[in-house]
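Notes follow the structure.
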Amino acid sequence: MTSTVDTLTITRPDDWHVHLRDGVQLKDTVRDISRYMGRAIIMPNLVPPATCTQTALSYRERIMAAQPQGDFTPLMVLYLTDNTTPEEIKKAKASGHIVAAKLYPAGATTNSDSGVTDIENIYPVLEAMQEVGMLLLVHGEVTDSAIDIFDREKIFIETKLAKVVAAFPELKIVLEHITTKDAVEFVEKASDNVAATITAHHLLYNRNHMLAGGIRPHYYCLPILKRNIHQQALIAAAISGNKKFFLGTDSAPHAKDKKEAACGCAGAYTAHAALELYAEAFEDAGALDKLEGFASHFGPDFYGLPRNADTVTLKRSSWTVPESYPLGDSHVVPIKAGAVISWEVV
Ligand SMILES: NC(=O)N[C@@H](CC(=O)O)C(=O)O
Ligand SMILES: [Zn+2]
Ligand SMILES: [Zn+2]
């Protein structure tokens with residue numbers, strides 16, 4: 001007989017990678033993320049992107065105004081371009097609300113057209129970040145159209161990231177939403193200044209879920225779901241208790257018609273049930289006891305922030321995920337739409 005746990009109380013979690021979008025969508029995304037997450041790292045890939053201190057701070061004000069309760073803390077991120085200056089980094093850091101800057105290789109993902117064309121262009125900026133203690137967050141994929149989409153993360157690590165890590169040993173770097181065994185191994189071997197976030201959907205799914213028996217656009221995100229051996233490596237990393245791996249949902253809503261299209265957008269929505277989805281993944285791996293470190297301790301520890309002081313409780317309880325949720329003037333189809341989830345945050 002195996003004993004099953006029916007309630008689990010953990011330190012309040014944070015989400016170290018989320019997309020809240022802007023405008024009419026903000027009330028919906030902020031309501032979902034602030035239900036039980038204490039803080040979240042807010043991705044800056046808006047249209048136009050949040051490339052300077054002023055735009056990041058006014059975005060923060062809109063998020064603060066959109067939250068129903070007022071106890072959620074958005075941690076802001078500057079979007080790096082070829083034109084970002086070291087002065088802007090210092091200004092952002094001094095604002096007290098911007099904790100990191102995000103490297104999107106130009107063209108790698110949703111709204112990354114203004115991203116960095118060659119990382120060496122921004123070495124003076126990385127130098128300034130290392131100096132003032134601002135974290136570098138990385139979308140780790142090469143953009144060369146000749147490189148197979150399933151290899152883009154691995155090749156980015158080998159040809160780009162390894163050089164940055166070597167050139168800036170004191171810079172804290174988070175390789176975001178990792179999807180491969182190669183990324184897990186790179187992060188494990190790197191210094192303590194290198195960490196990674198892992199999404200719930202990359203723990204729960206592999207490319208068969210997206211492509212076998214019909215193409216399912218709501219599983220399409222970047223970096224793309226990989227084969228099963230990579231999913232297994234991500235699960236092993238997440239439940240290992242290694243403090244370099246922590247929670248980042250990469251919840252990234254797109255309206256239903258933008259996903260169910262001839263050329264559908266990349267991004268999966270998980271903020272409706274973020275912790276519940278991770279709980280399912282950890283339970284499937286027989287490691288519910290490892291959820292708290294991953295969801296609530298290792299992220300703030302890496303960012304040099306205090307852990308949340310209060311707790312949340314997950315209860316075993318089956319509920320059916322709605323087919324869609326409102327998203328501004330449209331709708332988003334969430335992960336597990338119409339399916340049953342067996343945990344609920346009370
Ligand atoms: N993950 C995604 O597939 N999409 C994200 C961008 C990103 O995080 O790469 C989005 O903003 O939609
Ligand atoms: Zn990304
Ligand atoms: Zn993202």
Side-chain angles (χ1 to χ4, degrees), residues 15 17-26 28-29 32-33 42-49 79 102 104-115 139-153 156 176-180 197-228 230-231 234 248-274 277 321-339:
D15 186 348
H17 181 133
V18 71
H19 301 268
L20 299 183
R21 311 307 191 203
D22 207 349
V24 291
Q25 300 186 343
L26 215 45
D28 295 314
T29 56
D32 279 358
I33 202 66
I42 314 299
M43 287 295 139
N45 61 332
L46 305 175
V47 188
Y79 182 115
K102 178 76 188 262
Y104 289 102
T109 186
T110 304
N111 302 336
S112 64
D113 292 348
S114 320
H139 179 107
E141 288 191 287
V142 290
T143 56
D144 183 345
S145 60
I147 307 280
D148 190 278
I149 188 167
F150 292 98
D151 297 332
R152 288 182 185 185
E153 181 177 275
F156 180 88
E176 299 291 334
H177 47 44
I178 59 169
T179 63
T180 57
T197 52
I198 306 180
T199 77
H201 46 287
H202 287 95
L203 294 176
L204 291 167
Y205 307 117
N206 59 61
R207 67 195 195 182
N208 272 7
H209 294 94
M210 178 175 59
L211 296 172
I215 185 159
R216 294 178 179 77
H218 298 290
Y219 290 110
Y220 175 64
C221 64
L222 291 171
I224 200 161
L225 291 168
K226 305 296 191 299
R227 61 166 70 234
N228 174 272
H230 295 291
Q231 180 193 5
L234 296 173
T249 62
D250 191 22
S251 180
H254 291 275
K256 185 175 191 282
D257 61 312
K258 298 277 191 319
K259 294 284 294 174
E260 298 174 7
C263 183
C265 292
Y269 195 64
T270 51
H272 62 299
L277 292 167
V321 178
E323 293 292 344
S324 71
Y325 287 97
L327 179 67
D329 48 17
S330 185
H331 286 85
V332 59
V333 177
I335 285 290
K336 291 225 175 190

Between side-chain atoms of residues 205-212 and protein atoms elsewhere (two or more places apart, or another chain), which donor-acceptor pairs fall under 3.5 Å?
from	atom 1	to	atom 2	distance (Å)
Asn206	OD1	Asn208	N	2.9
Asn206	ND2	Gln231	OE1	2.8
His209	ND1	Asn206	N	2.9
His209	ND1	Asn206	O	3.3

Pairs flagged by salt bridge (charged side-chain N to carboxylate O under 4.0 Å, His left out) wherever residues 256-274 is involved - sequence neighbours left out: Lys256-Glu260
Spacing of Thr270 atom OG1 and Asp15 atom CG [to the nearest 0.5 Å]: 7.5 Å
Candidate pair Leu222 and Ile149, rule side chain to side chain contact (heavy atoms under 4.5 Å, CB included), full reasoning: CA-CA 9 Å; Leu222 291 171; Ile149 188 167; 4.0 Å; yes
Set of side-chain contact (heavy atoms from CB on, under 4.5 Å) partners for Asn111, sequence neighbours left out: Asn45, Val47
Thr197/Ile178 under side chain to side chain contact (heavy atoms under 4.5 Å, CB included): CA gap, chis, key distance, verdict: CA-CA 6 Å; Thr197 52; Ile178 59 169; over 6 Å; no
Check against side chain to side chain contact (heavy atoms under 4.5 Å, CB included), Leu20 and Ile33: CA-CA 8 Å; Leu20 299 183; Ile33 202 66; 3.8 Å; yes
Could you tabulate the donor-acceptor pairs under 3.5 Å formed by side-chain atoms of residues 325-334, not counting sequence neighbours?
none

Those residues that, when tested against His177, pass ring pair (Phe, Tyr, Trp, His ring centres under 6.0 Å) (two or more places apart): His17, His139
Counterpart residues, ring pair (Phe, Tyr, Trp, His ring centres under 6.0 Å), relative to Phe156 (two or more places apart): none
Among Glu153, His202, Arg227, side-chain hydrogen bond (donor to acceptor under 3.5 Å, both in side chains) partner for Thr180: Glu153
Residue pair Thr179 / Lys226, side-chain donor-acceptor N/O under 3.5 Å: yes
CA sep, side-chain torsions, deciding dist, call: Tyr79, Ser112, side chain to side chain contact (heavy atoms under 4.5 Å, CB included): CA-CA 9 Å; Tyr79 182 115; Ser112 64; 4.3 Å; yes
